[in-house]
Every structure is written in C-alpha cells, then in structure tokens.
Peer 1: 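Quick one: structure below, then a few questions.
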Amino acid sequence: MSERDVMLSGQPYKPWSKELQDDRDTARSLIERYNASMSSDKQLRSGIIAALFGSIDKEHPPHLEAPFYCDYCALLDGNRIDIGDRVLFGPNVHLYCPSHPLDPKERNGLEGPEMTKPIKIGNDVWVGGGAIILPGVTVGDGSTVGAGSVVTRDVEPYTVVAGNPARTIRRLSKTGPAQPSADSCKEGASPH
C-alpha cells in the first residue's frame with residue numbers, strides 16, 4: 001500500500017515520504033503556473049485547477065482569484081476534500097484534514113504519525129472569512145458558516161452555524177434559490 005493510500009485511509013502515515021513530497025511539489029508547480037497565467041485564459045486556468053483538485057465541473061469551473069495559495073492545498077488536504085457546486089468561501093478559510101496524536105511522545109515532531117479524515121462541503125454553502133473546518137466534518141447543502149467559526153462537527157443542511165466551537169444559530173428554508181432581502185443587507189451580510 002502506498003503512503004498516499006495509507007493517508008487516505010485515515011491511518012497514521014509518514015507525511016514526509018518521497019511520494020507525498022512529490023505530490024506537494026507538483027501542487028506548488030501548478031499553483032505557480034495558475035498565478036502566472038492571465039485571468040482571461042479561462043481554459044488554461046480550468047485545466048490547472050482540474051489537475052490540482054482532481055476534478056471540476058467543466059461547465060461551471062470554480063473561480064479562484066490569483067494569487068491563489070495552496071499547500072498541497074491551502075486547504076490541508078491529506079485526505080479528500082469534496083466541494084459542492086456554487087460554494088462561496090470568504091478570505092482566509094481553512095480546511096484541515098490532518099491531525100496529530102495528542103501524546104507528545106507519540107507525536108515526536110516530524111518523526112511521528114499524522115492521521116487524516118475527509119471533509120465534505122455540500123452544494124450552495126457559504127463559508128465566511130476566517131472560518132476553520134476540522135477533520136472529518138461534513139457541511140450540509142445550503143448551509144452558512146459564520147466568519148471566524150471553528151467547525152468541529154457536522155453541520156446539518158440548511159442551517160447557519162457560528163462560534164468557537166460552531167453551533168447552530170438558525171435553520172434556513174429549503175424553498176428555492178435564496179434571494180437577497182432588505183433584512184440581509186441590514187444584518188450586514190457579506191461573503192467576506
């Protein structure tokens with residue numbers, strides 16, 4: 001079993017193996033190409049993002065403002081990160097798949113194991129700026145994660161969560177596409 005397979009299974013793995021180091025180097029090279037490309041070259045950018053993320057919706061490719069930073073994704077993606085359609089991320093959002101043992105002797109700096117769990121972001125989700133989503137979390141369709149929140153457990157579909165740790169503060173209607181309202185402007189709603 002390759003070290004990548006061990007990592008994706010959620011078992012302790014060696015993050016500095018040659019295989020995973022090569023993956024990080026490839027990701028950094030793709031990011032450099034993306035950031036050096038012209039914003040008008042949508043076909044090139046879509047191809048780079050597809051190579052980086054593994055797959056994208058070709059009819060509606062993601063839009064990433066350059067400069068885009070990624071450490072084998074700026075999402076720490078030691079496992080799968082699935083991002084649904086029409087998802088909005090504010091600035092400085094962090095998605096962390098990896099974790100380390102709590103016991104310092106077992107953790108042992110760079111010599112100790114790392115574990116990972118996948119993260120899944122559903123369709124039509126809005127993640128506010130500075131939010132952190134921890135390993136193994138699923139954010140349900142139509143949900144909103146408040147700016148600065150730390151999401152430690154699954155978020156039910158069509159809810160608003162906020163805080164540290166994030167807690168449900170509102171349930172949302174599932175009827176049709178959301179439309180901006182005068183109230184949302186008064187509440188100071190912003191994707192950032």
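Along the sequence shown, the residues carry numbers beginning at 1. What you are looking at is a predicted structure, and each value in this text was computed from that prediction instead of being measured.
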Peer 1: Could you walk me through whether Val87 and Asp124 pass side chain to side chain contact (heavy atoms under 4.5 Å, CB included), step by step?
Peer 2: CA-CA 5 Å; Val87 171; Asp124 302 304; over 6 Å; no
Peer 1: Given side chain to side chain contact (heavy atoms under 4.5 Å, CB included), test Ile133 with Tyr96 step by step and report yes or no.
Peer 2: CA-CA 6 Å; Ile133 299 176; Tyr96 298 147; over 6 Å; no
Peer 1: Quick one, Phe89 with Leu95, criterion side chain to side chain contact (heavy atoms under 4.5 Å, CB included). Give me CA distance, side-chain angles, the key distance, then yes/no.
Peer 2: CA-CA 11 Å; Phe89 286 118; Leu95 307 180; 4.2 Å; yes
Peer 1: Calculate, to the nearest 0.5 Å, the distance between atoms CG and CD belonging to Asp85 and Glu59 respectively.
Peer 2: 10.5 Å
Peer 1: Verify, without hydrogens or angle tests, whether Asp41 (side chain) and Leu44 (backbone) share a donor-acceptor contact under 3.5 angstrom.
Peer 2: yes
Peer 1: Which atom pair, heavy atoms only, marks the closest approach of Met1 to Asp5?
Peer 2: CG-CB, 3.3 Å
Peer 1: A quick test of your reading: do over 12 heavy atoms of other residues, nucleotides or ligands sit less than 6.0 Å from CZ of Arg107?
Peer 2: yes
Peer 1: Mark yes or no for whether Ser143, through its side chain, and Val160, through its backbone, hold a donor-acceptor pair below 3.5 Å.
Peer 2: no
Peer 1: Between Glu156 and Arg171, is the closest basic N to carboxylate O distance under 4.0 Å?
Peer 2: yes
Peer 1: I need the Glu114 CD to Cys97 SG distance, nearest 0.5 Å.
Peer 2: 10.5 Å
Peer 1: Any idea which heavy atoms bring Val93 and Gly129 closest together, and the distance?
Peer 2: CG2-CA, 4.4 Å
Peer 1: Run the side chain to side chain contact (heavy atoms under 4.5 Å, CB included) check on Tyr13 and Leu20 step by step: do they pass?
Peer 2: CA-CA 10 Å; Tyr13 68 98; Leu20 296 177; 3.6 Å; yes
Peer 1: OG1/Thr152 to CG/Asn164 distance, rounded to the nearest 0.5 angstrom?
Peer 2: 8.5 Å
Peer 1: Can a side-chain donor-acceptor contact be found between Thr26 and Asp23 if the only test is distance below 3.5 angstrom?
Peer 2: no
Peer 1: Taking Lys18 first and then Asp22, would you say they form a salt bridge - that is, a charged N and a carboxylate O separated by under 4.0 Å?
Peer 2: yes
Peer 1: Is Asp141 reaching over with its side chain to a backbone N or O of Asn123, donor-acceptor style, under 3.5 angstrom?
Peer 2: yes
Peer 1: Specify the closest pair of heavy atoms between Asn79 and Met7, including all atoms of both residues, with the distance to one decimal.
Peer 2: ND2-O, 3.7 Å
Peer 1: Looking at Glu106 and Pro113, what are the two nearest heavy atoms and their distance?
Peer 2: O-CD, 3.3 Å
Peer 1: How long is the span from the NE2 atom in His100 to the OG1 atom in Thr116, to the nearest 0.5 Å?
Peer 2: 11.0 Å
Peer 1: Look at the side-chain heavy atoms of Ile, Leu, Val, Met, Phe, Trp and Tyr, link any pair under 4.5 Å apart, and say whether Ile169 and Val145 land in one connected group.
Peer 2: no
Peer 1: Atom CZ of residue position Arg80 - does it have more than 12 heavy atoms of other residues, nucleotides or ligands inside 6.0 Å?
Peer 2: no
Peer 1: I'd like to know if the side chain of Thr159 and the backbone of Thr168 have a donor-acceptor N/O pair within less than 3.5 Å.
Peer 2: no
Peer 1: Any donor and acceptor pair, going by atom type alone, linking the side chain of Arg45 with main-chain N or O of Ser37 inside 3.5 Å?
Peer 2: yes
Peer 1: Of all heavy-atom pairs between Phe68 and Asn35, which one has the smallest distance, and what is that distance?
Peer 2: N-OD1, 2.7 Å
Peer 1: Output the distance between atom CZ (Phe53) and atom CD1 (Ile83), rounded to the nearest 0.5 Å.
Peer 2: 6.0 Å
Peer 1: Which atoms form the tightest heavy-atom contact between Gly136 and Asp154, and what is the distance?
Peer 2: O-OD1, 3.6 Å
Peer 1: In Å and rounded to the nearest 0.5 Å, what is the CD1 to CD1 distance from Ile56 to Ile48?
Peer 2: 11.0 Å
Peer 1: Under a 4.5 Å cut-off applied to non-hydrogen side-chain atoms, are Ile119 and Asp82 in contact?
Peer 2: no
Peer 1: Using a strict cut-off of less than 4.0 Å between a Lys/Arg side-chain nitrogen and an Asp/Glu carboxylate oxygen, indicate whether Glu3 and Lys14 qualify as a salt bridge.
Peer 2: no
Peer 1: Decide whether Ile81 and Val155 are clustered together by the hydrophobic rule: side chain heavy atoms of Ile, Leu, Val, Met, Phe, Trp, Tyr closer than 4.5 Å, transitively.
Peer 2: yes
Peer 1: Assigning hydrophobic clusters by single linkage (Ile, Leu, Val, Met, Phe, Trp, Tyr; side-chain heavy-atom cutoff under 4.5 Å), is Tyr158 placed with Ile121?
Peer 2: no
Peer 1: Measure from the side-chain N and O atoms of Ser46 to the backbone N and O of Gln43, and report whether any donor-acceptor pair falls under 3.5 Å.
Peer 2: no
Peer 1: Does the side chain of Arg153 come within less than 4.5 Å of Arg167's, by heavy atoms?
Peer 2: yes
